[in-house]
Number of protein chains: 2
Amino acid sequence: MSQTSQVRLDKRKYYSRDQIIRHAQKYPTFHWPTTELLLNLVYAYDLIATYIARILNRYHLSLSAFNLLIILARSEGKGLPLHEIGEALLVSRANVTGLVDCLERRGLVERVVHTEDRRVRIVRITKSGEELLESILPGYHGEVRELVNELSDEEKAQLSRLLLKLQDSILHTLEKKSRKREDGFMIGNGG
Amino acid sequence: MSQTSQVRLDKRKYYSRDQIIRHAQKYPTFHWPTTELLLNLVYAYDLIATYIARILNRYHLSLSAFNLLIILARSEGKGLPLHEIGEALLVSRANVTGLVDCLERRGLVERVVHTEDRRVRIVRITKSGEELLESILPGYHGEVRELVNELSDEEKAQLSRLLLKLQDSILHTLEKKSRKREDGFMIGNGG
DNA sequence: TATTGTTATACTCTATAACTATA
DNA sequence: TATAGTTATAGAGTATAACAATA
């Protein structure tokens with residue numbers, strides 16, 4: 001694979017500060033710190049998501065499928081109804097059905113009818129799903145940790161704090177917007 | 001739409017620190033600050049990406065299409081060869097063709113054969129593409145700025161600095177890995 | 001009537017391999 | 001031989017609407 005060593009990983013030359021500002025300054029609403037933040041957030045996410053997807057690919061799991069298995073494993077046998085899975089993964093109900101179908105066919109999760117509300121199906125992780133997770137997680141945690149090892153624990157904690165504050169800001173703005181307009185902005189679970 | 005007001009935007013209850021640590025502490029490679037950082041990065045990205053996708057949806061543009069138009073607009077008429085677009089967007093060559101096809105059909109970009117190397121096609125934004133961008137960007141910048149308005153400029157800059165450091169850490173680790181193994185990890189442009 | 005979940009559809013994004021034309 | 005771009009295909013992800021079962 002001669003390509004491997006020639007792939008340029010760093011795309012940041014396409015997003016130089018000077019070029020962006022030169023192009024965008026004609027818009028009065030343009031704000032460099034905001035734009036810079038978004039670019040860095042998106043690019044950091046892209047790098048990590050692509051890398052994690054490659055790890056999970058070895059196990060034929062998508063990122064959503066992996067997240068679902070982990071959430072179910074953490075629930076300690078109680079499982080989750082399908083509509084709550086949609087909330088947790090920011091995915092619509094219709095698509096949760098497909099995701100769960102796929103994992104159920106492989107025997108990694110199972111559906112159980114809720115005893116009190118017979119409309120509801122609880123999804124639980126199976127023994128086999130737990131075994132798969134246990135074969136993935138040691139290597140997964142190690143590889144991910146190596147990936148971010150140039151940040152100290154303190155920097156990681158600070159980054160987390162700022163990202164949390166960013167999430168709060170977004171959530172508050174969206175709530176304000178959906179209170180204001182009846183045709184307000186919606187996120188997730190649009191079905 | 002009675003659903004609008006009932007959608008729960010905040011999914012963080014599914015990712016509580018105690019529950020995660022209780023489940024993951026059996027793995028010696030597990031490291032809470034790293035996991036916390038990843039969760040917060042992914043969720044912040046999800047919120048922003050979903051919101052921006054909704055804005056762009058009004059103009060029938062995907063996030064990639066929007067990014068492509070902006071990169072082309074910033075190049076000030078010079079345009080970009082298709083393989084560089086792949087690098088910039090972290091997308092494989094094959095998929096750049098499709099993306100450019102789609103925008104070319106709508107008259108927003110055009111292909112021009114490179115005069116010196118006749119294998120190369122340069123993609124340029126058209127007048128019509130620039131007009132579309134100019135109709136989107138004022139509102140776009142304003143909405144995005146409102147979304148993150150609970151962070152001060154200083155906090156945004158600090159967040160950017162930390163995200164940059166995170167990007168560097170990832171890029172360095174990936175480079176080390178691909179130097180080590182001939183079948184090394186690759187990102188993007190796998191075609 | 002409203003909610004949970006399913007089915008069906010269509011569109012986008014992604015990954016891969018085989019192909020062409022140029023260098 | 002290597003590179004730029006295209007074509008074709010298959011698998012995910014997402015959005016939407018219509019529907020059945022249950023509340």
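Lettering follows sequence order; numbering is per chain, from 1.
Nucleic acid contact class of A:S62 (heavy atoms, under 4.0 Å, all strands): sugar-phosphate only. Heavy atoms of B:A94 sit under 4.0 angstrom from at least one base atom. Residue contacts shown for A:N95 include a base, since a base heavy atom lies under 4.0 Å away. Within the 4.0 angstrom heavy-atom criterion, no nucleotide atom of any strand lies near A:E84.
Here the nucleotide nearest the side chain of B:D117, chosen from C:dT6, D:dA4, C:dA23, is C:dA23. Nearest to the side chain of B:D101, among D:dT7, C:dC13, D:dA23, sits D:dT7.
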Self-check item: Paired and unpaired positions of DNA chain C as dot-bracket, Watson-Crick or G-U wobble under 3.5 Å, | denoting a partner strand
Solution: |||||||||||||||||||||||
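Atom CG in A:L103 sits about 13 Å away from atom C1' in D:dA12, given to the nearest Å. Following rounding to the nearest Å, A:L89 (CG) and D:dT14 (C1') show an atom-to-atom distance of 13 Å. If you take CG of B:L63 and P of C:dC13, they are 9 Å apart, rounded to a whole angstrom. One atom, CZ of B:R93, and another, P of C:dA21, lie 16 Å apart when rounded to the nearest Å. Regarding A:N57, its CG atom lies at a distance of 13 Å from the P atom of D:dG11, rounded to whole Å. Between the CG atom of A:L90 and the P atom of D:dT14 there is a distance of 9 Å, given to the nearest Å. One can place NE2 of B:H114 at 13 Å from C1' of C:dA23, the figure rounded to the nearest angstrom. Whole-Å rounding puts the A:R111 CZ to C:dT4 C1' distance at 12 Å.
The pair A:K165-B:E150 fails the salt-bridge criterion, with no side-chain N (NZ, NE, NH1 or NH2) lying under 4.0 Å from an Asp/Glu carboxylate O. Checked for salt-bridge contact, B:R111 and B:E104 meet the test: a charged N lies under 4.0 Å from a carboxylate O. In summary, B:R161 and B:E155 do not engage in a salt bridge, as defined by a charged side-chain N under 4.0 Å from a carboxylate O.
Heavy-atom nearest nucleotides on DNA chain D were determined for A:R119 and for A:H60, and the one closer to the 5' end corresponds to A:H60. Of the two residues near DNA chain C, B:L99 and A:I122, the one whose nearest nucleotide lies more 5' is A:I122.
Residue pairs meeting the salt bridge (charged side-chain N to carboxylate O under 4.0 Å, His left out) criterion with at least one partner in residues 16-31 of chain A, sequence neighbours excluded, are A:R22-B:E76, A:K26-B:E134.
A donor-acceptor contact under 3.5 angstrom links the side chains of B:S92 and B:N95, judged on distance only.
Put simply, the side chain of A:H23 never gets that close to the backbone of A:Q19: no donor and acceptor are under 3.5 Å apart.
Taking the six-membered ring where tryptophan is involved, the planes of B:F30 and A:H141 are perpendicular, since the angle between them exceeds 60° and thus also 30°.
Taking only side-chain nitrogens and oxygens, A:H83 never comes nearer than 4.0 Å to OP1 or OP2 of C:dT3.
You'll find the side chain of B:P81 stays beyond 4.5 Å of the side chain of B:V123, heavy atoms only.
Between the base of C:dG5 and the side chain of A:R121 there is no donor-acceptor pair shorter than 3.5 Å.
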